[in-house]
Amino acid sequence: QVQLVESGGGLVQPGGSLRLSCTSPHITLDYYAIGWFRQAPGADREGVSCVSNSGEETYYADSVKGRFAVSRDSAKNTVSLQMNSLKPEDTAVYYCASGPWCYQHGRPADENDMDYWGKGTLVNISS
């Protein structure tokens with residue numbers, strides 16, 4: 001079973017930073033668009049960011065624009081999500097997922113468009 005693996009979550013104070021990583025022992029991430037999603041307690045899962053397989057196209061939810069940055073490291077088969085200026089409302093379980101694209105017909109990929117998922121890593125922003 002193809003699986004992705006997230007790491008880098010933890011507890012940080014508001015205003016702090018975290019760097020999440022996504023890798024897979026089963027697939028080469030460069031062949032896929034990689035999306036980051038999050039699910040806060042009691043809320044639906046939402047798309048946060050995405051990077052296309054070429055790395056040329058990226059997506060950010062309005063709530064994280066200017067604070068989060070997604071990047072690829074092909075040599076390490078890793079996609080990272082740098083999260084700065086973290087807020088309590090960023091608290092959630094963060095998942096990475098692979099799929100065919102970040103945008104199609106003007107809309108960003110949602111969870112139904114993604115094929116393979118990780119189990120998630122918890123990000124807790126609290127003082």
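In this chain, numbering begins with 1 at the start of the sequence shown.
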- Item | Side chain Thr91, main chain Ile125, donor-acceptor under 3.5 Å | yes

- Note on the structure: Minimal heavy-atom distance between Ala33 and Cys50, with the atoms involved, is CB-SG, 4.2 Å

- Item | Matching residue for Leu20 among Glu6, Met83, Arg38 - test: side-chain contact (heavy atoms from CB on, under 4.5 Å) | Met83

- Yes or no on side-chain contact (heavy atoms from CB on, under 4.5 Å) for Cys22 and Trp36, after CA distance, side-chain angles and deciding distance? CA-CA 9 Å; Cys22 173; Trp36 286 95; 3.6 Å; yes

- Using ring-ring contact (aromatic ring centres under 6.0 Å, His included) as the criterion, list what pairs up with Phe37, not counting sequence neighbours. Trp117

- Query: Which heavy atom of His26 sits nearest a heavy atom of Gln1, and at what distance?
  - Reply: CE1-O, 3.3 Å

- Does the separation of the ring centres of Tyr60 and Phe68 fall below 6.0 angstrom? no

- What closest approach, in Å, do Ala92 and Leu122 show between heavy atoms, and which atom pair accounts for it? O-CD1, 3.7 Å

- Give the minimum heavy-atom separation between Leu18 and Gly8, together with the two atoms involved. CD2-O, 3.6 Å

- Message: If hydrophobic clusters are built by linking Ile, Leu, Val, Met, Phe, Trp and Tyr wherever their side-chain heavy atoms come under 4.5 Å apart, do Met114 and Val51 end up in the same one?
- Response: no

- How far does CG of Asp113 sit from SG of Cys102, to the nearest 0.5 angstrom? 10.5 Å

- Co-membership, hydrophobic cluster, residues Val123 and Tyr95, 4.5 Å side-chain: no

- Task: With side-chain contact (heavy atoms from CB on, under 4.5 Å) as the test, would you mind laying out the steps for Tyr94 and Thr121 before giving the verdict?
- Result: CA-CA 5 Å; Tyr94 283 70; Thr121 185; 4.3 Å; yes

Review item, side-chain donor-acceptor pairs of residues 72-82, under 3.5 Å, at least two apart:
{"unit_1": "Arg72", "atom_1": "NE", "unit_2": "Ser52", "atom_2": "O", "d": "3.0"}
{"unit_1": "Arg72", "atom_1": "NH1", "unit_2": "Leu29", "atom_2": "O", "d": "2.9"}
{"unit_1": "Arg72", "atom_1": "NH2", "unit_2": "Tyr32", "atom_2": "O", "d": "2.3"}
{"unit_1": "Arg72", "atom_1": "NH2", "unit_2": "Ser52", "atom_2": "O", "d": "3.0"}
{"unit_1": "Asp73", "atom_1": "OD1", "unit_2": "Ala75", "atom_2": "N", "d": "3.2"}
{"unit_1": "Asp73", "atom_1": "OD1", "unit_2": "Lys76", "atom_2": "N", "d": "3.3"}
{"unit_1": "Ser74", "atom_1": "OG", "unit_2": "Asp30", "atom_2": "OD1", "d": "3.1"}
{"unit_1": "Ser74", "atom_1": "OG", "unit_2": "Asp30", "atom_2": "OD2", "d": "2.6"}
{"unit_1": "Asn77", "atom_1": "OD1", "unit_2": "Leu29", "atom_2": "N", "d": "2.8"}
{"unit_1": "Asn77", "atom_1": "ND2", "unit_2": "Ser24", "atom_2": "O", "d": "3.1"}
{"unit_1": "Asn77", "atom_1": "ND2", "unit_2": "Ile27", "atom_2": "O", "d": "3.0"}
{"unit_1": "Thr78", "atom_1": "OG1", "unit_2": "Lys76", "atom_2": "O", "d": "2.9"}
{"unit_1": "Gln82", "atom_1": "OE1", "unit_2": "Arg19", "atom_2": "NH1", "d": "3.0"}
{"unit_1": "Gln82", "atom_1": "NE2", "unit_2": "Asn84", "atom_2": "OD1", "d": "2.9"}

- Message: Counting neighbours of CD on Glu89 that are heavy atoms of other residues, nucleotides or ligands and sit closer than 6.0 Å, is the number greater than 12?
- Response: yes

- Ionic contact status for Asp62 with Lys65, cut-off 4.0 Å: yes

- Task: Verify the neighbour count for atom OH of Tyr116: are there more than 12 heavy atoms of other residues, nucleotides or ligands below 6.0 Å?
- Result: no

- ILVMFWY cluster, Val5 and Tyr31 together (side-chain gap under 4.5 Å): no

- Reported CD1-to-CG distance for the pair Ile34 and Leu4, which is rounded to 0.5 angstrom: 5.5 Å

